[in-house]
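What follows is a single structure, written as structure tokens, with notes after it.
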Amino acid sequence: MSDPYETTEQHLERLLRCALNSFDLSDTTVDRLGTALAHSSALHSSHHSAVLHRETYRHTYLLADGTALTLWELVHGGGRDPSVPRRHELYDDEGEAQIAAARLAGTFWDTPAFGDEGLRGDLDVLTLLMAVPPVPAPRVYAPDNSADHARRVLRRAENTDRPGADTAGLLRAAFAHHITQIFGRQFRVDGRDAGFTLYEHAFLLLDGSETSLWEVEHTATPDGRHMCEVYGDEDTARRAMENRTRIC
């Protein structure tokens with residue numbers, strides 16, 4: 001969604017320029033943003049279906065007076081229909097962001113009950129749009145042919161520095177696993193949009209120990225093709241994503 005080498009001033013200018021409703025931000029908010037010294041952006045929630053693609057981003061700014069200010073960016077488009085342009089909206093109040101996100105699905109009353117897996121992504125606006133990130137839920141391991149799952153993850157990895165035979169041998173003892181999406185974002189790479197997603201595949205082994213594979217899925221390839229890379233630790237996976245945003 002953003003260039004890691006953007007200055008805070010450039011980031012704000014782009015955000016305000018893209019937003020259809022930037023004029024709704026109060027003068028006080030805009031004036032305070034003018035003193036921003038640094039910023040941090042993160043994907044807060046997302047929903048992708050045939051009729052709706054929607055992401056909510058949280059942008060936090062460190063201001064000159066030592067306080068912080070948060071903007072919520074809602075990006076949405078027409079699902080799998082490429083003719084529908086992606087729209088950007090900005091809010092400085094989390095409640096307004098909740099309402100705007102729920103509006104895309106109809107109304108709050110149209111939101112399905114918890115447990116409806118098909119549209120469950122639309123519920124995150126009611127629970128995840130908070131000033132402080134929620135504590136991650138504990139892992140719930142599922143015994144589901146986990147050793148074979150590990151083999152398939154390693155087999156589809158295209159990077160030459162993927163985990164080798166030692167890791168593959170260790171994962172033959174996996175009897176349960178848990179998959180978590182850690183990160184997801186769009187970047188401009190070589191003049192075009194490229195998507196990056198980071199997953200942790202955590203495995204529970206027969207001796208009671210745990211180990212993880214870190215899978216990076218991205219489209220930062222010369223032809224825009226989807227590519228999968230796998231690493232043995234999170235830091236290496238994140239460095240790989242950062243390097244991919246620099247060169248293509």
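Hydrophobic clustering (ILVMFWY, side-chain heavy atoms < 4.5 Å, transitive): L69 and L90 are in one cluster. The same ILVMFWY cluster, assembled from side-chain heavy atoms under 4.5 Å apart, contains both F203 and L154. Under the 4.5 Å side-chain heavy-atom criterion for grouping Ile, Leu, Val, Met, Phe, Trp and Tyr, V230 is not connected to I179 through any hydrophobic cluster. The hydrophobic clustering, which links ILVMFWY residues whose side-chain heavy atoms are closer than 4.5 Å, places L12 and L25 together. Under the 4.5 Å side-chain contact rule for hydrophobic residues, V30 and L15 share a cluster.
Under the 4.5 Å side-chain criterion, counting only non-hydrogen atoms from C-beta, L62 is not in contact with T8. Counting only heavy atoms from C-beta outward, the side chains of V75 and Y57 approach each other to under 4.5 Å. Counting heavy atoms from C-beta on, the side chains of Q181 and T197 come closer than 4.5 Å. Put simply, the side chain of E96 does not reach to within 4.5 Å of the side chain of E89, judged on heavy atoms. Residues L205 and L170 form a side-chain contact, since some pair of their non-hydrogen atoms from C-beta on lies under 4.5 Å apart. Between D161 and Y231 there is a side-chain heavy-atom pair separated by less than 4.5 Å. By the 4.5 Å heavy-atom criterion applied to side chains, L171 and V153 are not counted as neighbours.
Under the 3.5 Å distance criterion, with hydrogens and angles disregarded, no donor-acceptor pair is assigned to the side chains of S41 and H39.
Ring geometry, F196 versus H218: the interplanar angle falls under 30°, so the pair is classed parallel (tilted spans 30 to 60°). Aromatic ring pairs are classed by plane angle as parallel below 30°, tilted from 30° to 60° and perpendicular above 60°; the pair H201 and Y199 is tilted.
The side chain to side chain donor-acceptor pair (under 3.5 Å) pairs that include a residue from residues 17-28 are S26-T29, where partners are two or more places apart or lie in different chains.
Summarising the geometry of A202 relative to Y141, their closest heavy-atom pair is O-CE2, 3.5 Å, with the distance given to 0.1 Å. The minimum heavy-atom distance between R155 and R152, with the atom names listed, is NH2-CG, 3.0 Å. Taking every heavy atom of both residues into account, L213 and A150 meet most closely at CD1-O, 4.3 Å.
S146 pairs in a side-chain hydrogen bond (donor to acceptor under 3.5 Å, both in side chains) with only one of the listed residues (R151, H178, H177), which is H177.
Atom CG of residue L206 and atom CZ of residue R172 lie 13.0 Å apart, to the nearest 0.5 angstrom. Taking CD from E215 and CG from N159, the interatomic distance works out to 10.0 Å, rounded to the nearest 0.5 Å. Atoms SG and CZ, from C228 and R162 in turn, are 10.0 Å apart once rounded to the nearest 0.5 Å. For the atom pair CD of E200 and CD of E234, the computed distance is 7.0 Å after rounding to the nearest 0.5 Å. Between atom NE2 of residue H226 and atom CD of residue E158 there is a gap of 9.0 Å, rounded to the nearest 0.5 Å. The structure places CZ of R238 at 5.5 Å from CG of L198, a figure rounded to the nearest 0.5 Å.
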Next item on the list: I would like to know whether T236 and W214 meet side chain to side chain contact (heavy atoms under 4.5 Å, CB included); could you show each step before the answer?
Entry: CA-CA 9 Å; T236 304; W214 298 85; over 6 Å; no

Margin query: Run E94 and R58 through salt bridge (Lys or Arg N to Asp or Glu O under 4.0 Å) and show every step you take.
Written below: CA-CA 10 Å; E94 66 175 294; R58 181 183 178 216; over 6 Å; no

Check: So R239 and D235, salt bridge (Lys or Arg N to Asp or Glu O under 4.0 Å) or not? Walk me through it.
Finding: CA-CA 6 Å; R239 283 196 300 271; D235 288 343; 5.1 Å; no

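Around the CG atom of D166, the shell of radius 6.0 Å holds no more than 12 heavy atoms that belong to other residues, nucleotides or ligands.
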